[in-house]
Each structure stands twice: as C-alpha cells, then as structure tokens.
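So that the names make sense, note that chain A is the first sequence line, chain B the second, and so on, each numbered from 1.
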There are 2 protein chains.
Amino acid sequence: MNPLAIPEIVIRRLPLYLRVLNRLADDGRTLTSSQELGDTLGISSTQIRKDLSYFGEFGKQGTGYGVRYLRDQLRQILQVDRRWNLVLIGAGDLGRAILRYNGFQEGGFSIVAVLDNDQEKIGRQIGKLKVQDVAKLPEVIAEHGVQIAVIAVPASEAQEVAEALVNAGVNAILTYAPITLSLPDHIRVEYIDPLIGLQTMAYYLSPGHL
Amino acid sequence: MNPLAIPEIVIRRLPLYLRVLNRLADDGRTLTSSQELGDTLGISSTQIRKDLSYFGEFGKQGTGYGVRYLRDQLRQILQVDRRWNLVLIGAGDLGRAILRYNGFQEGGFSIVAVLDNDQEKIGRQIGKLKVQDVAKLPEVIAEHGVQIAVIAVPASEAQEVAEALVNAGVNAILTYAPITLSLPDHIRVEYIDPLIGLQTMAYYLSPGHL
DNA sequence: TAGATTGTTAATCGATTAACAATC
DNA sequence: TAGATTGTTAATCGATTAACAATC
C-alpha cells in the first residue's frame with residue numbers, strides 16, 4: 001500500500017470540520033482552535049490536530065487557526081474549491097427535495113440535469129431544470145463532464161440505474177435507495193439510508209439501555 | 001463500563017444485515033450464509049459471524065442461517081419487532097418526501113404527525129396527515145407516546161426545534177439539517193448529511209486518487 | 001463419510017488519545 | 001515573561017481478521 005495513504009475515516013471527518021468553519025466564517029469569526037472545533041462536533045481536540053497534520057501545518061501555537069484560511073485549505077484538500085457537476089436520477093418527491101436544497105450548491109456541487117423514466121414527469125419544469133428522459137443519460141453526462149451522480153429512484157430500479165450511470169462514464173454515486181449496489185470496485189458509492197440511524201437509535205432506546 | 005457492552009459499530013451494522021435479510025425473504029430464499037451476506041454488503045463473513053455472536057448462536061454449521069429466523073432475531077435485538085411512533089418537524093419538500101417514503105413504515109417506524117411553524121403550511125393535508133402547528137408539540141408527543149423525532153427544517157431553525165423536542169420529552173432525533181446539535185448527553189442524535197459523502201467522494205475523484 | 005459453514009480464540013491491524021516539546 | 005495552543009510521538013485502546021475446532 002501507499003505509505004502516504006491517509007485513512008478514509010480521516011477524509012470523512014474533513015467535511016465536518018469544513019461545515020463548522022463555514023458556520024464560524026458566516027458568524028464573522030476570524031480565529032478558532034482545535035478545542036472549539038472539537039467541542040462543537042463532539043470530537044477530541046487531539047483528533048482534529050492529528051487529522052489536520054496529515055495535510056500540513058495550518059495553525060499557530062498559542063493562537064489557533066485562522067477560520068478563513070483553514071476553511072480554504074480544507075476546500076482545496078477536498079477538491080471542493082472548484083465546482084462538480086452532478087446529474088440527478090429520479091424526479092419524485094425526493095428528487096424535488098434534493099433539487100431545492102441549497103446545501104449541495106454551497107458545498108461545491110451543481111445539479112446540472114434531472115432525469116426520469118416516467119413519461120408523466122419528463123418535460124416538467126422543476127426549479128431551473130426540465131426533467132429529461134433517462135435515455136438521454138449518455139449525452140447529458142458527456143455534455144456537462146459529469147463524474148458524480150445522485151440516485152433518487154425506488155430501490156427496485158436503483159441497480160439498473162446505477163449500471164446505466166457507470167456505462168455512461170460516471171465514477172461516483174450518491175444513492176438514496178436502501179439497497180447495496182453491485183458495481184465495479186473502482187466506482188465510489190455513498191449511501192444515504194435513514195433507517196440505519198433510526199434502527200440504531202431504537203436499539204438504544206430499549207429499557208435496558210436508558 | 002459494562003463488560004457486556006456491545007460496540008456501537010456492531011449495532012450500526014445490524015440494520016444492514018436486516019436489510020439484506022428482508023430482501024432475501026422477499027425473494028423467497030430460506031437459507032443464507034455469512035459469506036453471502038458479506039458478499040452482498042462488501043463485509044467479511046468473519047465480521048458478520050463475530051457481530052452476531054455478541055447476541056447468540058443463530059446458525060447451523062454446514063448449513064448457514066435461516067433467513068426468516070435470523071431476520072426475526074435481528075428485529076427483536078434492534079427492537080423493531082414493534083412499532084415506534086415518530087413525529088416529523090418540517091412540512092417542506094423534504095418533509096413531504098419523507099412522508100411518502102415507505103421505508104420508515106417497513107422498518108418499524110410510523111410517522112404519526114407532521115408539524116411546522118409556517119401558517120401557510122399548517123392545516124394542509126399531506127397523505128393521511130394534516131400539518132399541525134409546532135406549538136402543539138407537547139400534546140402531540142404525549143398523545144402518541146413519541147420517543148423519536150425527525151427534523152426536516154432549515155439549518156437555522158434546527159437547534160431551536162431540537163430543544164423544543166427535548167423539552168417535550170423526545171429522547172432521540174434523526175435530523176436532516178446540516179448542523180451539529182447541542183443537546184444533553186442522554187439524547188441520541190443521528191445525522192443525515194449528503195454533503196459528507198459527496199465531499200468525501202470529491203477527494204477521491206481528484207487525479208491523484210484515481 | 002466428505003464438504004460446508006458456524007462460533008470463537010488469539011493475533012494483527014489500525015485508530016484514538018495522553019503527554020509534551022515547541023513556539024506564538 | 002506567562003499562558004495558550006499547536007504538531008507529533010509513543011502508548012493505549014479497540015476493531016478486524018486469520019485460523020481452526022466443532023458439528024451439521
């Protein structure tokens with residue numbers, strides 16, 4: 001293995017740090033510390049300093065971190081100091097909610113197209129986008145240089161959609177369908193599944209755990 | 001610490017196992033193995049057997065696991081062999097998407113009320129539920145014996161809503177707002193934040209990582 | 001019986017944290 | 001200077017996995 005490889009669990013915490021830094025910057029704060037970041041997130045300050053140390057030295061002893069500076073550095077590290085074009089598959093309620101959520105935009109991602117296979121939905125306007133036929137997938141992907149797709153279709157269709165996306169050249173997928181996708185190893189997949197959290201909480205809410 | 005305490009990371013995998021078992025049962029399968037479950041989820045078979053061993057012995061050597069039996073056992077362990085009543089705060093696009101998603105229902109959770117603070121939305125019908133004034137929170141929680149709430153309001157309102165929920169007696173929260181909630185330690189909180197996954201993937205999509 | 005698969009132990013691997021020198 | 005906080009090392013802690021006896 002690459003001796004410089006950074007643990008994925010570290011990479012996964014960087015967006016959390018970035019989220020807090022964005023918030024601090026919005027609040028007009030100029031300085032922060034690993035202590036403050038950790039308290040906000042429920043993480044130890046040591047862990048935050050250790051995580052950051054994989055990438056460089058961003059703070060000043062006795063002073064802490066410049067909020068904007070650290071934010072910009074994290075954006076660079078995560079490659080969200082530029083814009084990623086996304087396609088969204090599925091124009092149902094969930095798809096619409098995703099389209100109206102500003103967070104993607106603010107986080108560095110632009111949804112440039114929404115596609116569906118339902119003739120009823122194709123052609124409808126949602127915000128600034130018109131729902132396109134999923135058959136147009138290859139053209140849309142090529143046209144916008146899309147590398148990341150978002151799946152918001154029923155579980156029963158997700159695998160098929162995912163394969164079409166991969167065939168069209170996408171190499172990362174964020175899926176809301178509660179099903180494990182079976183795809184080539186080099187395709188990155190992230191799952192959003194609210195049931196995991198709910199069922200985990202249910203376990204801890206049972207009498208023996210409270 | 002309790003020497004019998006089971007690592008949370010183990011608890012968090014059980015819903016994944018349950019999801020696959022539900023699927024296998026729907027497909028009419030009667031037997032499975034740790035190998036098959038692991039292959040489906042991208043987890044080692046050893047880890048699955050080890051995880052299950054915290055709770056008992058559910059399989060037969062040489063044969064594997066009965067799909068329905070293991071599914072029922074996991075439901076019992078996770079306490080989703082019964083129904084949990086949820087309240088949903090926020091009747092925007094996301095709230096509506098959550099209400100129409102069957103997965104909660106199938107996973108053991110029933111959304112029994114939806115509340116909002118927007119006079120425009122209060123009184124509207126969404127599916128079987130009428131949007132109620134968030135001021136009614138305490139009564140609604142008491143009436144339905146709600147222990148778990150789902151937050152689908154903008155980030156700027158999430159902390160306030162969370163505090164109201166805790167005051168009304170809720171002790172677990174699933175939140176879609178991209179903000180870390182500051183709440184008493186005994187309150188369980190689960191976060192759904194699509195940006196974490198997207199930004200993690202962006203990191204790995206950069207030229208040096210592909 | 002032979003083959004398959006579980007449940008479990010012990011070893012390995014990897015992540016977190018305590019401690020502290022450096023230094024602003 | 002005194003106080004605060006970083007960056008880093010080494011120790012600790014915890015999770016994963018390899019190996020295998022048990023047994024269906």
Proximity to the side chain of A/Ile9 - top-ranked nucleotide from C/dG7, C/dA15, D/dG7 =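 My answer, after comparing the listed nucleotides, is C/dA15.
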State which of C/dG7, D/dA19, C/dA15 makes the closest approach to the side chain of A/Pro7.
->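 So the side chain of A/Pro7 is nearest to C/dA15.
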Rounded to the nearest Å, what distance is computed from the [atom1] atom of residue [X] to the [atom2] atom of nucleotide [N]?
X: A/Ile6; N: C/dT16; atom1: CD1; atom2: P; result: 14 Å
X: B/Ile48; N: C/dT8; atom1: CD1; atom2: P; result: 16 Å
X: A/Gln73; N: D/dT6; atom1: CD; atom2: P; result: 16 Å
X: B/Phe55; N: C/dG7; atom1: CZ; atom2: C1'; result: 15 Å
X: B/Ile43; N: D/dT16; atom1: CD1; atom2: P; result: 9 Å
X: A/Lys50; N: C/dA19; atom1: NZ; atom2: C1'; result: 14 Å
X: A/Phe58; N: D/dT8; atom1: CZ; atom2: P; result: 11 Å
X: A/Gln35; N: D/dG7; atom1: CD; atom2: P; result: 15 Å

With the criterion being N/O to N/O and under 3.5 Å, what pairs connect the protein with nucleotides 1-5 of chain D, and how long is each?
| unit_1 | atom_1 | unit_2 | atom_2 | d |
| --- | --- | --- | --- | --- |
| D/dT5 | O4' | A/Gly62 | N | 3.2 |
| D/dT5 | O2 | A/Gly62 | N | 3.2 |

Quick one: is B/Arg13 getting a side-chain N or O under 4.0 Å of the D/dT16 phosphate, OP1 or OP2?
->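 It does, given that an N or O in the side chain of B/Arg13 lies less than 4.0 Å from OP1 or OP2 of D/dT16.
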Provide the Watson-Crick or G-U wobble partner of D/dC13, both distances under 3.5 Å; none if there is no partner.
->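 The answer is C/dG14, by the H-bond criterion.
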Could you please name the partner base of D/dT23, counting Watson-Crick and G-U wobble pairs only when both distances are under 3.5 Å?
->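 Partner of D/dT23: C/dA4.
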May I ask you to say what B/Ser44 touches in the nucleic acid, namely base, sugar-phosphate or nothing, with a heavy-atom cut-off under 4.0 Å?
-> sugar-phosphate
Euclidean distance, [Y] [atom2] relative to [X] [atom1], rounded to 0.5 Å:
X: A/Ile6; Y: B/His209; atom1: CD1; atom2: NE2; result: 6.5 Å
X: A/Leu195; Y: B/Leu18; atom1: CG; atom2: CG; result: 8.5 Å
X: B/Ile9; Y: B/Ile11; atom1: CD1; atom2: CD1; result: 11.0 Å
X: A/Ile111; Y: A/Asn85; atom1: CD1; atom2: CG; result: 10.5 Å

If you measure from the Lys or Arg side-chain nitrogens to the Asp or Glu carboxylate oxygens, is any gap between A/Glu106 and A/Arg19 under 4.0 Å?
-> no
Does the distance from a Lys or Arg side-chain N to an Asp or Glu carboxylate O, for A/Lys136 and A/Glu143, drop under 4.0 Å?
->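 A/Glu143 and A/Lys136: not salt-bridged.
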Where do B/Arg188 and B/Glu8 land on the salt bridge (charged side-chain N to carboxylate O under 4.0 Å, His left out) test, with the steps shown first?
-> CA-CA 12 Å; B/Arg188 292 204 65 95; B/Glu8 178 163 338; 3.0 Å; yes
